[in-house]
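Shown next, in structure tokens, is the structure this report addresses.
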Protein chains: 2
Amino acid sequence: MSNAKVLPLLEPADGQGVAPCCPPLTERPMTAEEAETAARMFKALGDPVRLRLFSAVASHEGGEACVCDISDVGVSQPTVSHHLKKLKEAGLLTSERRGTWVYYRVEPSVLAAMGKLLALPAAA
Amino acid sequence: MSNAKVLPLLEPADGQGVAPCCPPLTERPMTAEEAETAARMFKALGDPVRLRLFSAVASHEGGEACVCDISDVGVSQPTVSHHLKKLKEAGLLTSERRGTWVYYRVEPSVLAAMGKLLALPAAA
DNA sequence: TGTCTATGTTGACGTCTATCGATACAGGTG
DNA sequence: CACCTGTATCGATAGACGTCAACATAGACA
């Protein structure tokens, strides 16, 4: 396994590319299931170390980075690995081994889905 | 105290209305301080119960709701109160007592700031 | 094959957190 | 004033989480 079990944040898509898991937070009260799903994404970004790791990958050229490029966040190597795994399980990152190094890249559609969740209703 | 100590998510504002705490995640790697601040917001939405409470307030007419309107999320009353407090501490909600009831309302500028954090670089 | 580097996994430990019942506080009503 | 309702706080408890050192695994290279 590698990218095997990831959160089903995006439906099979209705023809477009980005199908958010849930309607905007301001549209209607979320159901328990929707909240469960969406909370997993927010929770994944709710740790400073993970947020820095994610930002490092997201801002790296090509939207992808080797672990060696981003692991300077002040915690041990196992901890970095642990957090990257969490981000992967949340569906925010995918990973791929290429020779000696492992590269992580952002899942842009998931990022977009989260953005939509926070969308304001026109001019709030 | 009531709305006393809230996160400084928004600078005093440079004349506009919405000054996000940090640049978009994809712009450059976040600093430790930026990550600390932003992670608090995400963490606040990283719990299913809080997410439902927040969504209930945000989607309620006028962007404001009495606790009695939204407290049907399957947990006890003290737990609801606890989560609303957390959301307030994160700067996502403000509260005001009007007679018998306490009303919570969303802080639209903070919501916008979070949305900007997740903004994609043009057409990703 | 053996060894070196890069990354992931395991197990343990301390801290944080979600939850509850009991209780306190605030405001309305009588 | 006493009493009732709505909301917040307190204290306790169980479970989740972040972190590390030790170890395991994967690939490169000699």
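Chain A is the first sequence line, chain B the second, and so forth, proteins listed ahead of strands; every chain is numbered from 1.
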Do A:H83 and A:D47 come close enough that some side-chain heavy atom pair is under 4.5 Å?
-> yes
Under the side chain to side chain contact (heavy atoms under 4.5 Å, CB included) test, residues paired with A:K43 that sit two or more places apart = none
Could you give all pairs that pass the side chain to side chain donor-acceptor pair (under 3.5 Å) test and reach residues 55-70 of chain A, with sequence neighbours left out?
-> A:E64-A:R98, A:E64-A:R105
Non-neighbouring partners of A:A39 that pass side chain to side chain contact (heavy atoms under 4.5 Å, CB included), sequence neighbours left out = B:P48, B:L51
For B:S76, side chain to side chain contact (heavy atoms under 4.5 Å, CB included) partners two or more places apart | B:P78, B:T79
Atom pair distance, as rounded to whole Å: NE2 in A:H82 and P in C:dA12 = 17 Å
Report yes if at least one side-chain N or O of B:K43 is closer than 4.0 Å to OP1 or OP2 of C:dT17; otherwise report no.
-> yes
Nearest-neighbour nucleotide for the A:H83 side chain, D:dG18, C:dA18, D:dT7 considered = D:dG18
Does the side chain of B:Y103 get closer than 4.0 angstrom to OP1 or OP2 of D:dG6 through an N or O atom?
-> no
Contact residues, residues 69-81 of chain A to DNA chain C [heavy atom, < 4.0 Å] = A:Q77, A:P78, A:S81
Identify, with sequence neighbours excluded, every residue that meets side chain to side chain donor-acceptor pair (under 3.5 Å) alongside B:H82.
-> none
Find out whether B:V106 and B:L93 are in side-chain contact, i.e. whether some heavy atom of one side chain is under 4.5 Å from a heavy atom of the other.
-> yes
Once you round it to whole Å, what is the distance between P of D:dC17 and CZ of A:R40?
-> 11 Å
Mind listing the residues from residues 47-60 of chain B sitting with a heavy atom below 4.0 Å of DNA chain C? Number order is fine.
-> B:D47, B:V49, B:R50
Separation of C:dC16 C1' from B:E36 CD (nearest whole Å) = 14 Å
Think A:Y104 has a side-chain N or O under 4.0 angstrom from the OP1 or OP2 of C:dA6?
-> no
Mind calculating the distance between CH2 (A:W101) and C1' (D:dA28) to the nearest angstrom?
-> 9 Å
Could you state the interatomic distance from SG (B:C22) to CD (B:E36), rounded to the nearest 0.5 Å?
-> 11.0 Å
Phosphate oxygens OP1/OP2 of D:dT7: is one of them under 4.0 Å from a side-chain N or O of B:K85?
-> no
To the nearest 10°, let me know how far the axis at one end of the helix from C:dT1-D:dA30 to C:dG30-D:dC1 is tilted from the axis at the other, five pairs an end.
-> 20°
Considering only heavy atoms from C-beta outward, does the side chain of A:F42 approach that of A:L117 to under 4.5 Å?
-> yes
What residues form a salt bridge (charged side-chain N to carboxylate O under 4.0 Å, His left out) with B:R28, not counting sequence neighbours?
-> B:E34
Going through the distances and angles, do A:L45 and A:F54 end up as a side chain to side chain contact (heavy atoms under 4.5 Å, CB included)?
-> CA-CA 8 Å; A:L45 295 182; A:F54 184 80; 4.0 Å; yes
Listed partners of B:R52 passing side chain to side chain donor-acceptor pair (under 3.5 Å), at least two apart = none
Counting primed atoms, P, OP1 and OP2 as sugar-phosphate and everything else as base, the B/S/- map of nucleotides 24-30 of chain C against protein heavy atoms under 4.0 Å is ---SS--
Is a side-chain donor or acceptor of B:S81 paired with a backbone partner of B:Q77 at a separation under 3.5 angstrom?
-> no
Residues passing the side chain to side chain contact (heavy atoms under 4.5 Å, CB included) test with A:E33, sequence neighbours excluded, are A:T31
